[in-house]
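First the structure, in the form of structure tokens, and then the observations on it.
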Amino acid sequence: AAARLLPRLDPPGRLCDASAVSYETSQPYGLLVRLLRRPLGLVSGDPPARVRERIAAATSDGEDRALLESLFGVAVDSGHELAGESFAAQLDACMERFWRARAAGDAGPLVLALDDLQWLDASSAERLGRLVHLTEDAPVLFLCAMRRDRRSPAWGLKETVARELPHRQSEVALHPLNDGESRALLA
């Protein structure tokens, strides 16, 4: 669906998309890894050497490279490990640089389409809560879809965006189709 939106943008946009999955709700940064795969030229199951090669090609900063390798679980033991708040803070800065670089230029806006966020892990929700601030000064559109689940970390993300960036947020509530609407959709 997001791909149909891109030609309507002026100039046409570029799409990076990812869906949260139910079996990763307790896996930290699961959605971030999924979102990074396409711009890095990766697919699920790529061998560690390929992941490191693609990360190296996409980053010029050694710290960002090490951080992304750690995020993807392919880091070569460097003798120092980041964890907790330190890792999160450095990941925030790395993600901002990464996506800001991809949004730069005349190629049109960058659309980050995120689906099934009701299954978003808490760590990804926190990082996305920081990353949405890119919309203030970079041509980035976050297109997010989720079920209305107030217990989900995505609901907290939605509330954060509504509170901190109300001028950058639009919400469209979709309701379940009735039987007639469902039949019409399938016809």
Side-chain angles (χ1 to χ4, degrees), residues 1-10 12-40 42-44 71-72 84-85 87-89 91-96 98-100 102-103 108-187:
R4 290 191 306 252
L5 168 72
L6 296 181
R8 296 174 187 232
L9 297 175
D10 184 24
R14 293 159 291 139
L15 174 68
C16 291
D17 62 335
S19 294
V21 291
S22 61
Y23 54 85
E24 286 184 349
T25 57
S26 60
Q27 180 179 339
Y29 309 115
L31 182 71
L32 291 184
V33 168
R34 289 176 175 282
L35 184 60
L36 288 164
R37 281 188 186 136
R38 181 174 292 166
L40 289 173
L42 297 171
V43 295
S44 180
L71 183 67
F72 276 84
E85 292 300 315
F87 181 82
L91 184 57
D92 287 340
C94 174
M95 291 289 94
E96 181 177 343
F98 183 87
W99 292 111
R100 186 176 297 281
R102 271 126 198 97
L110 176 63
V111 178
L112 300 179
L114 308 173
D115 197 11
D116 290 327
L117 292 186
Q118 69 274 6
W119 292 316
L120 183 64
D121 64 275
S123 299
S124 291
E126 288 178 33
R127 306 291 59 84
L128 289 170
R130 307 266 190 310
L131 193 59
V132 294
H133 289 273
L134 273 177
T135 62
E136 290 282 57
D137 59 7
V140 177
L141 169 68
F142 284 85
L143 184 60
C144 302
M146 67 180 211
R147 293 183 192 147
R148 298 182 67 83
D149 181 355
R150 294 178 187 268
R151 297 167 297 169
S152 166
W155 194 265
L157 173 62
K158 174 191 158 330
E159 289 179 334
T160 296
V161 172
R163 183 179 55 254
E164 295 179 10
L165 300 163
H167 57 290
R168 296 281 182 205
Q169 181 216 17
S170 295
E171 182 176 345
V172 178
L174 302 178
H175 302 285
L177 300 176
N178 63 36
D179 289 340
E181 293 166 330
S182 295
R183 282 190 294 277
L185 180 65
L186 295 174

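Hydrogens, waters and symmetry mates play no part in the numbers below; they use all other heavy atoms, side chains included.
Side-chain contact between Leu91 and Leu32 is present, with at least one heavy-atom pair separated by less than 4.5 Å. Between Trp99 and Val140 there is no side-chain heavy-atom pair separated by less than 4.5 Å. By the 4.5 Å heavy-atom criterion applied to side chains, Arg148 and Arg150 are counted as neighbours. Looking only at side-chain heavy atoms (C-beta outward), Tyr29 and Leu36 stay at 4.5 Å or farther from each other. The shortest distance between side-chain heavy atoms of Arg127 and Asp92 falls below 4.5 Å. With contacts defined as side-chain heavy-atom distances shorter than 4.5 Å, the pair Met146/Leu114 does not qualify. For the pair Val33/Leu71, a side-chain contact is recorded, criterion being any heavy-atom separation below 4.5 Å from C-beta on. Phe142 is not listed as a side-chain neighbour of Val161, based on a closest heavy-atom distance of 4.5 Å or more.
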After noting the C-alpha distance and the side-chain angles of Leu131 and Phe98, does the key distance pass the side-chain contact (heavy atoms from CB on, under 4.5 Å) rule?
CA-CA 11 Å; Leu131 193 59; Phe98 183 87; over 6 Å; no

For His133 and Glu164, what are the C-alpha separation, side-chain angles and deciding distance, and is it a side-chain hydrogen bond (donor to acceptor under 3.5 Å, both in side chains)?
CA-CA 9 Å; His133 289 273; Glu164 295 179 10; 2.8 Å; yes

Go through the steps for Glu136 and His167 under the test side-chain contact (heavy atoms from CB on, under 4.5 Å), then give the verdict.
CA-CA 10 Å; Glu136 290 282 57; His167 57 290; 2.9 Å; yes

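In this structure, the separation between SG on Cys16 and CG on Leu143 is 12.5 Å, given to the nearest 0.5 Å. Summarising the geometry, atom CG belonging to Leu117 is positioned 11.5 Å from atom CG belonging to Asp149; distances are rounded to the nearest 0.5 Å. Residue Glu126 holds its CD atom at 10.0 Å from CG of Leu120, rounded to the nearest 0.5 Å. The structure places CG of Leu141 at 12.0 Å from CZ of Arg14, a figure rounded to the nearest 0.5 Å. Residue Cys144 holds its SG atom at 7.5 Å from CG of Leu128, rounded to the nearest 0.5 Å. Rounded to the nearest 0.5 Å, atoms CG (Leu110) and CG (Leu134) are 9.0 Å apart.
Within 6.0 Å of CD on Glu85 lie no more than 12 heavy atoms contributed by other residues, nucleotides or ligands.
Annotation: side-chain hydrogen bond (donor to acceptor under 3.5 Å, both in side chains) contacts of His175 (sequence neighbours excluded): none. Residues satisfying the side-chain hydrogen bond (donor to acceptor under 3.5 Å, both in side chains) test with Gln27, not counting sequence neighbours, are none.
Put simply, the side chain of Glu181 gets close to the backbone of Asn178: a donor and an acceptor are under 3.5 Å apart.
Contact detail for Glu171 and Lys158: the closest heavy-atom pair is OE1-NZ, 3.3 Å. The shortest non-hydrogen separation linking Gln118 to Arg147 is OE1-N, 3.1 Å. Of all heavy-atom pairs spanning Ser19 and Arg34, the tightest one is O-CD, 3.1 Å. Residues Leu157 and Ala125 approach most closely at CD1-O, 3.8 Å, considering heavy atoms. The heavy-atom pair separating Trp119 from Thr25 by the smallest distance is O-CG2, 3.3 Å. When every heavy atom of Glu24 is checked against every heavy atom of Asp121, the shortest pair comes out as O-CB, 3.8 Å.
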